[in-house]
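As the structure lists them, so they are numbered: ligands from 1, and atoms in each ligand from 1.
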Amino acid sequence: MAQQTRNIAGGYRREGSEIHPPYLYPDYKGTRLRAPKKPLIIVPHTLSELTGPLFGHTGIGPLDNDLTRQHEGEPLGERIIVHGRVMDEDGRPVRNSLIEIWQANAAGRYAHKGDQHPAPLDPNFSGAGRCMTDDEGYYRFITIKPGAYPWGNHPNAWRPAHIHFSLFGPAFATRLVTQMYFPGDPLFYQDPIFQSVRDPKAQKRLISTFDLETTVPEWALAFRFDIVLRGRDATPFERPHA
Ligand SMILES: [Fe+2]
């Protein structure tokens with residue numbers, strides 16, 4: 001799947017592309033430390049990368065895609081539906097594929113000891129969910145809109161509100177990670193992670209669209225985020241680093 005498509009010669013294709021952010025983007029401080037300093041060595045894929053392990057429906061609970069029902073009470077914040085389709089470059093659905101998301105709470109804080117941002121934790125929000133795409137490549141999450149948070153990359157640096165996505169694909173070697181943003185966020189211009197995607201058209205593909213049709217009256221707004229795994233219209237993906 002994705003940047004890597006299985007080919008007969010025995011490996012997932014690794015696509016170089018201008019769509020995806022570079023390993024080194026100096027304004028994004030972390031890339032200065034982790035960007036490879038030497039030319040990459042291509043490690044041939046072996047049978048274990050090509051054949052699995054696979055993640056099936058059996059490991060997914062019926063409420064794993066609803067981040068608002070993982071605790072006794074409901075989390076604080078604006079309830080939203082996040083949904084879309086995962087497609088290959090020809091618009092064909094990517095079926096039965098694991099999607100995982102993780103995000104900050106409505107106040108912009110992660111439920112993680114590494115996050116010491118002085119914003120309240122929400123005892124009713126863990127901020128992680130997962131689901132499998134269906135036969136149409138469709139997925140759907142219920143969650144709350146995450147808040148922006150400061151991150152110290154540069155003076156007064158704030159991340160625009162975002163949800164992290166991991167698309168697992170058929171094997172470990174095909175895992176892809178990206179971030180979904182919300183339309184009209186005033187913080188895009190100063191965010192080097194968002195700006196490290198240089199092509200404005202590709203940047204746009206990281207921003208969900210408000211989807212009035214899918215909103216549920218009196219209950220939740222909806223945002224649509226379609227993901228294209230490769231080709232000219234590919235969704236930008238982060239370079240693997242961790
Ligand atoms: Fe984040």
Side-chain angles (χ1 to χ4, degrees), residues 20-35 64-68 70 75-84 98-131 139 141-168 175-198 202-209 221 223-225 227 235-242:
H20 308 290
Y23 282 108
L24 177 64
Y25 187 74
D27 286 353
Y28 176 9
K29 261 194 196 163
T31 69
R32 294 186 221 163
L33 297 171
R34 63 175 177 247
D64 283 4
N65 70 331
D66 188 342
L67 286 71
T68 68
Q70 296 175 343
L76 295 172
E78 184 183 334
R79 191 188 297 112
I80 58 172
I81 295 160
V82 173
H83 73 129
L98 175 67
I99 301 188
E100 296 166 293
I101 63 169
W102 63 99
Q103 63 168 92
N105 69 21
R109 183 155 175 188
Y110 285 97
H112 188 279
K113 63 180 184 325
D115 185 350
Q116 294 301 317
H117 171 210
L121 283 167
D122 185 338
N124 290 316
F125 193 69
S126 301
R130 58 190 186 163
C131 72
Y139 72 89
F141 288 101
I142 298 163
T143 184
I144 49 100
K145 195 169 176 192
Y149 58 82
W151 65 303
N153 180 76
H154 57 274
N156 202 21
W158 291 79
R159 294 298 331 280
H162 60 277
I163 297 177
H164 296 269
F165 274 68
S166 160
L167 295 104
F168 204 84
R175 182 176 180 236
L176 293 171
V177 175
T178 192
Q179 296 182 30
M180 181 203 103
Y181 297 90
F182 292 87
D185 197 305
L187 293 165
F188 289 144
Y189 80 96
Q190 59 78 64
D191 180 47
I193 295 183
F194 182 78
Q195 295 298 338
S196 67
V197 175
R198 301 308 297 154
Q203 278 185 352
K204 235 178 136 186
R205 296 199 289 274
L206 291 174
I207 304 171
S208 58
T209 51
L221 295 180
F223 293 87
R224 177 144 191 142
F225 185 54
I227 299 168
T235 305
F237 291 100
E238 293 170 16
R239 299 290 186 186
H241 58 259

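Applying the salt bridge (charged side-chain N to carboxylate O under 4.0 Å, His left out) test to residues at least two apart or on different chains, none of the pairs has a partner in residues 110-119. Applying the side chain to side chain donor-acceptor pair (under 3.5 Å) test to residues at least two apart or on different chains, the pairs with a partner in residues 98-109 are Gln103-Thr143. Under the salt bridge (charged side-chain N to carboxylate O under 4.0 Å, His left out) criterion, no residue pair touches residues 142-158, with sequence neighbours excluded.
Protein N/O/S atoms found under 2.8 Å from the Fe ion (ligand 1), listed by chain and residue number: Tyr110 OH, Tyr149 OH, His162 NE2, His164 NE2.
Between Tyr149 and His162, the ring center distance clears the sub-6.0 Å criterion.
Between Trp158 and His117, the ring planes lie perpendicular to each other; the angle is over 60°, past the 30° to 60° tilted range. Taking the six-membered ring where tryptophan is involved, the planes of Phe223 and Phe182 are perpendicular, since the angle between them exceeds 60° and thus also 30°.
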